Amino acid sequence: MGVRRSGRDWVVDSLAFVVAVVFGLVLAGARLRALPDPPWLFDVDQFAGVLGCLALWMRRRWPVHVALVVMALSTFSELISGAMLLSLFFVAVHRPPKVTLMVFGVSVAAATVYSQLRPEPELTPWFWWGFGVAVQGAAVGWGLYIHNRRELIRSERDRAVREARTEIAREMHDVLGHRLSLLSVHAGALEFNQAASKEDIARAATVIRESAHQALQDLREVIGVLRAPVDELPQPKFADLPELIADSRTAGMRVELHEDVPDAVPDRLGRPAYRIVQEALTNARKHAPGTDVRVRLRGAPGEGLTIEVHNTEPARPATPGNGKGLIGLAERVALAKGTLEHGPVTGGGWRVRACLPWPS
C-alpha cells in the first residue's frame, strides 16, 4: 500500500521532480556540444537520468533505498546528479543523522567512482571529485538543519504538553484538596462530638453536602478542560481570597486576614497568591486542626507581593503529610519567579511565606 500524500506533499514532490528534470535537461543541453566518448554513453546517461527523476516519486516510502539506487546510477550518469542531490537532501530531512551520514558516505564513494570513470579533459579528477563532494555536503547540511529544527519544534511541543498536564494536575490537587479537606473537617467534627444536637448534626450535614456538591462541580470543570489550552483552565483571582477565607471560617477554622495591598493585583500575581493561601489553609486544616491561622497580604507595584500564612501549634496530633502540597507551592512560586520559605517558627506553629515580584 502506498503512502497517502497530502496536498502539500503533492506540491513538494512535484516541485522536486520538476527541479530534477530541469537540472538534467540543462546538463544534457550542455553535453550535446561535447558528447562523451563513446557517444552511446550519452543515451545511457539520459535513460539513467529519467529513472532517477521517476524514483523521486517513491522516496516517501523508501527514502534510503531510493537514494542508494540513485547513487549507484550516479557512478556513471551525469544527468542524474539533480535527482541524486535531492534524494540525499530528503534522507537528511526525514531520517536520523546516523543514517544520513552513512548514506552521505556512499555518495562520496559514488563521486569517487564517477571522477575516475568520467574524467573531464580540462580538469583534474580530484578537482571534479572535490566539487561534487562539496555540493553533496551542502545538500546534507541543509537537510540536517531542517531535520534538527523540526526535532526542536517537536520537543518544544512535547514539553508544552507535559507542562499543561502538570498544570492540570496542580489545579486538581489545589481545588479538590481544599474542598475535600473541608469535608474531612466536618465529618471529623461529627465523629468527635457524639453528643451533638440534631440542629448541629443537620447543619454539619448541610455543609458536607454543599462541599461535596462544590467539589464535584470543581472536578467537572477541571475534567472539562483537559483537552483545552492551559490558559482556559478555571483560574481564581486575588479578589476571590475573602471568599476562600470565608469558606474556611464556615468549616470552623479561626482565620484572621490582614491585607495591606493598596493597588489592584494583576491576574498573573493574583492566581499564584490565591493558590498559595489555599494550599496553606488546606495544610493547616489537615495537619494542624483547631489552630488559629493568620493570613497577611502586603505589597505594592515595585515592592513585590508578600503572602504569609501562620498557624499556631495544634492542640491534638497532626495528620502526617506526603509533602506534595509544599512541592506544588514551590513549583507555583518558581513559575512566578518568586521565593518561598516554610517551616516551624519560634513559639510553635508553622509559617509559609512567599514573595512574588510585582514590577512597577
Side-chain angles (χ1 to χ4, degrees), residues 2-6 8-97 99-120 123 125 127-147:
V3 178
R4 298 179 66 89
R5 290 181 172 88
S6 64
R8 178 180 178 278
D9 294 339
W10 278 107
V11 172
V12 172
D13 291 350
S14 300
L15 183 61
F17 177 76
V18 170
V19 169
V21 170
V22 172
F23 197 92
L25 290 176
V26 171
L27 291 179
R31 182 58 67 183
L32 284 173
R33 294 189 292 270
L35 291 175
D37 187 24
W40 57 263
L41 182 58
F42 182 66
D43 297 330
V44 176
D45 199 342
Q46 292 183 85
F47 181 72
V50 171
L51 287 180
C53 293
L54 293 176
L56 290 177
W57 288 102
M58 296 181 290
R59 59 97 185 172
R60 290 189 180 274
R61 188 171 185 179
W62 302 296
V64 176
H65 296 79
V66 168
L68 293 177
V69 170
V70 172
M71 287 170 191
L73 296 175
S74 71
T75 56
F76 64 88
S77 173
E78 178 183 17
L79 306 185
I80 205 176
S81 55
M84 185 269 294
L85 291 174
L86 287 172
S87 65
L88 189 59
F89 168 77
F90 288 130
V91 168
V93 171
H94 298 289
R95 289 296 179 265
V99 175
T100 300
L101 292 178
M102 289 190 294
V103 174
F104 178 62
V106 175
S107 72
V108 172
T112 304
V113 175
Y114 178 87
S115 65
Q116 300 300 318
L117 293 180
R118 301 279 303 270
E120 290 291 331
L123 302 172
F127 176 84
W128 194 240
W129 175 85
F131 176 77
V133 171
V135 175
Q136 293 170 8
V140 169
W142 186 20
L144 287 175
Y145 168 77
I146 296 176
H147 175 85

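Nothing fancy with the numbering, it's 1 onward along the sequence. Because only heavy atoms are used, hydrogens play no part in the values below, and waters and symmetry mates are left out as well, while side chains stay in. Since the model is a prediction, treat every value here as computed from it, not as a measurement.
The heavy-atom pair separating A55 from V70 by the smallest distance is CB-CG2, 4.3 Å. Heavy-atom minimum distance, P63 versus V91: O-CG2, 3.5 Å. Scanning all heavy atoms of the two residues, the minimum distance from V133 to A111 falls at CG2-CB, 4.3 Å. Between S107 and Q136, the shortest heavy-atom distance links the atoms OG-OE1, 3.1 Å. Across all their heavy atoms, R95 and V64 have their closest contact at CG-CG2, 4.0 Å. The minimum heavy-atom distance linking L85 with A139 is given by the pair O-CB, 4.0 Å.
Under the side-chain contact (heavy atoms from CB on, under 4.5 Å) criterion, V50 pairs with L54, sequence neighbours left out. Scanning for side-chain contact (heavy atoms from CB on, under 4.5 Å) contacts around V93 gives F89, I146, R150, with sequence neighbours left out.
Distance CD/Q46 to CG/L51: 12.0 Å, rounded to 0.5 Å. To the nearest 0.5 angstrom, F47 atom CZ is 9.0 Å from L73 atom CG. Note: L68 CG to M102 CE = 9.5 Å, rounded to the nearest 0.5 Å.
T75 contributes no side-chain N or O that, together with a main-chain N or O of M71, makes up a donor-acceptor pair within less than 3.5 Å. Without hydrogens or angle criteria, S77 side chain to S74 main chain gives no donor-acceptor distance under 3.5 Å.
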Quick one: side chains of residues 13-28, donor-acceptor pairs under 3.5 Å with protein atoms, not counting sequence neighbours, listed by atom name and distance.
residue : atom : partner : partner atom : Å
D13     : OD1  : R59     : NH2          : 2.7
D13     : OD1  : R60     : NE           : 3.2
D13     : OD1  : R60     : NH2          : 3.2
D13     : OD2  : R5      : NE           : 2.5
D13     : OD2  : R60     : NE           : 2.8
S14     : OG   : W10     : O            : 2.7

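The shortest distance between side-chain heavy atoms of V66 and F90 does not fall below 4.5 Å.
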